[in-house]
Amino acid sequence: MTNGGSTFRPSLPRILTGWSRIMKTYLTAVLLACTVQAWAGTATINIDTTRTGPKLNPSMYGIFLEEINHGVDGGLYAELIANRAFEDSRPPEGFTLQDGRYKDEKGYESGFEVRPGAVPRWSLIREGEAKGRIQIESTGGLNENTPYCLRLDVEELASGRVGIANSGFWGIGLTKKAKYDLVLHARAAEPFRGSVSVGLENDEGAACSQVKRFTGISPTWKRFETTLTATMAEPKARLVIAADAPGTVWLDFVSLFPRKTFKNRPNGLHRDIAQMIADLKPGFVRFPGGCVVEGGTVETAYNWKLTVGPVEQRPERWNAWGYRRTHGMGFHEYLQFCEDLGAEPMHVGFAGQTCLYRHAEHVPMEEMDWVVAGFTDAIEYANGAVDSKWGRLRAQAGHREPFEIRLVEIGNENGMQQYEDRYKLIHSAVKKAYPDLTYIADYAIPGGQFDMVDHHFYNHPQWFLSQFDYYDRYDRSAAPVYVGEIAVTSDEGGDLKGNLIAALAEGVFLMGCERNADVVKMVSYAPLLAHVNGRSGWHGMIYHDSTRVFGTVSYHLWKLFGANRPDFTLKIDVKFSSLRKASITGGIGLGTWDTAAEFKDVRVEKDGEILYGSDFSKGVEGWTTEGGTWSVVDGAYRQSDRVVGLSYFGDQTWSDYTLTLKARKLSGAEGFLIVFGHKDSNKYWWNVGGWGNRDNGIEFNRTPVGPHVSGHIETDRWYDIKVELKERKIRCYLDDKLVHEETGVGTERFFASAGQCEATGDLIVKVINTSPEDVTTAIKLDGIDRLRSKAELTILKSDSLEDNNSLDNPAKVVPLTRTITGIDTDFTHTFPAYSPTVMRLKE
Ligand code: AHR
């Protein structure tokens, strides 16, 4: 195993803790200090309006819409009944039952809960002396695509009732006086002379609507429809279906839709959630994912052809996120939504390789025809003439005019030679049929043809804060980039993610994307949606329950940035100086990666004072270990297994120190890990002889700090190691030779970018102050004679970096817009601590 944490290629979230605590402590310290000394940073921003930079893509800010977290089924898709087709009891496709669990052939577990006889989301209602039962049947359903159905046996009613209830997705949310359209399918065994009633009730059984009855239930499936009007507002209603006579009734495809959907489309979308998305004014919509595209097995990979046609005939599939997706919001509905939003559709198709983070399965190369056709037919459905095979289906679904897909991504987070081979096959076939589309690859495939590559970044706030210049460093001869997935995912972002720290950090990264718009063409946050009760371990940017919806601070930041996207950038020069010098603080540590080694003569010195000097022969008091087998052998502190092993020492307040020690490798593949700045769960390490014993590199929480330097550690040789910390400067020496000279993360704490809007001429200045101090800034604009003295300023601010919005307090941290005066080509403004600000200046 070789260590090293690439952030360039798709990386799974790195979960880190402690940043918020550090920031809180830091902020408290600053606030306390402010009582004796008013700290304030100063900065200058010089904007040269005559020097224009790259043009931004008008569709730069978009959304990534995936069925995850019950964001679509149970959220955006307005269906209120969960498990409406009773298919949730059906085992996941392509998985087999092994040792009581559904697994694929490589052992990857589907997450399907095996509960024989269970009817997920439905419950039996049996009141009074009534007798009856329910049972899932796996055959005899409404059609062969949805074979499961529910059997209800009513043995005796006495004075009670027998029926079933569905509470939707953690409660059916009702609005008083709103109308709800109900559809159900039923058949009965002869003789059944009764009727089936439907009504909405609350938890206590109190009616929330009138009760309607269906008669004429016969042995063949029949569709019944009615409308229920809510008599009260209720967040946790349930639909109750009851039979009023003994006998056997089968039910299938039970659906309840609010009459009012987004743009009032039938089989439509939840108004409030869709509106939150519309408010982002996305330039594009990437759908349907995400890992759902790849699936856990070939059978569960996303096949858009299963998602078109009458809803009650659409086969459902097990989702990569641990539940079954209904395909109710299918290909057509996605395209319709894009049109309703005025956003470009970006279709992501299955590339013949299932999810790498699960267990990659591959469609054999000689069987790839259907995979290729998945792309060409999708494009024909969206763009084709009404007399083409798939275009006709679109027209039949009510949309004669083409939808115009121009952006196509081949696969999601795929990789390895198998992907590259499949990508090339798909690309050449699809490009031949549709030469003018933009083709997006998951990365720059060697020898591959692509117009854009998709980068994903899930990381901690410090990483994003330290990557303002990430795309400054991008090779200009390489392919343009779509940054398809961005989010702070570590603990610092809070449970919901997207709190103020996260938003600041993402904002800094986005400013870096904007000013590199020659390379970065599109950006989107991920994932977009989450039901508060339906999270798949992931977060959302927009959260909802059955009646409420809110956006996180990240949502508001992205919305603000999208609304203030300039058409081109302007040359900007920013200088920041702070009275407060931030230092790397924290203890030290010793460690190994896949290697056994020993250490001695460890010494920590600051300004001539010795903070620590080891004498391991007397013991290792104060050292704490994490992995590995540590002991003292001949006066040296030894980690004797070929594993990752760390041992820590010291004080979290230590700063500006010099760490010296001797280290010797005993066996294994690599060299040493020398830890410094270890505070809470954050740490730097100098990885000496890492990456297969080929490189030396500094990392903060496994993220690179500066470039690697070639280096190799020999076995059985003592090395002299020295790490010098001065404020944020890090110098690393091996045998007295300087190997690295770097600056720690988060040094820059004041970021600005500028651009102009062609239509209005507005000059847009974005500033993010991530320092704990207000920054008084002299802003100068060259190349224009005068500016209007009034400007619009929008700021996103809160008392704590951990603050976020919630269902109960949806507007705790939202942008505040006001007019500021006294603007000139040379003016001063103070940017508050921990805040993003957008200014629109007018000539
Ligand atoms: O956004 C959640 C998931 O993260 C996406 O499905 C996938 O592309 C990535 O790994």
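Residue numbers count from 1 along this sequence.
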Only pairs under 3.5 Å count here: list side-chain donor-acceptor contacts from residues 503-511, not counting sequence neighbours, and write none if there are none.
| residue | atom | partner | partner atom | Å |
| --- | --- | --- | --- | --- |
| E506 | OE1 | S554 | OG | 2.7 |
| E506 | OE1 | W558 | NE1 | 3.3 |
| E506 | OE2 | V488 | N | 2.9 |

Would you say [X] and [Y] make side-chain contact, with heavy atoms under 4.5 Å?
X	Y	result
L646	W685	yes
W463	N701	no
D720	T660	no
D601	R603	no

Proximity of Y612 and W654 rings by center, below 6.0 Å | no
Would a line drawn from the ring center of W623 to the ring center of F599 be shorter than 6.0 Å?
-> no
Of all residues at least two apart in sequence or in a different chain, which pass the side chain to side chain donor-acceptor pair (under 3.5 Å) check with [X]?
X	result
S771	N769
D472	R515, N516
H539	Y525

So, D454 side chain and G484 main chain: donor-acceptor pair closer than 3.5 Å or not?
->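 It does hold such a pair.
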Between T592 and V643, is there a donor-acceptor pair closer than 3.5 Å when you use the side chain of the first and the backbone of the second?
-> yes
Tell me, with the steps shown, if D808 and S806 meet side chain to side chain donor-acceptor pair (under 3.5 Å).
-> CA-CA 5 Å; D808 293 329; S806 62; 5.5 Å; no
Check whether NZ of the Lys or CZ of the Arg K766 lies under 6.0 Å from the centre of the six-membered ring of F561 and within 45 degrees of that ring's axis.
->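 Judged by the rule, K766 and F561 form a cation-pi pair.
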In this structure, which one of L661, N696, I713, L734 forms a side chain to side chain contact (heavy atoms under 4.5 Å, CB included) with F672?
-> I713
Is the NZ atom of K606 crowded by more than 12 outside heavy atoms at less than 6.0 Å?
->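 For K606, atom NZ is crowded (more than 12 foreign heavy atoms under 6.0 Å).
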Using only heavy-atom distances, determine whether the side chains of [X] and [Y] contain a donor-acceptor pair under 3.5 Å.
X	Y	result
T42	S577	yes
H455	Y474	no
E492	S490	yes
E609	Y657	no
T830	D774	no

Under 3.5 Å donor-acceptor pairs involving side-chain atoms of residues 630-637, not counting sequence neighbours:
| residue | atom | partner | partner atom | Å |
| --- | --- | --- | --- | --- |
| W630 | NE1 | G627 | O | 3.0 |
| Y637 | OH | S647 | OG | 2.8 |

Does any pair with a residue in residues 707-718 pass salt bridge (charged side-chain N to carboxylate O under 4.0 Å, His left out), and if so which ones, sequence neighbours excluded?
-> R664-D716, E714-R717, R717-D735
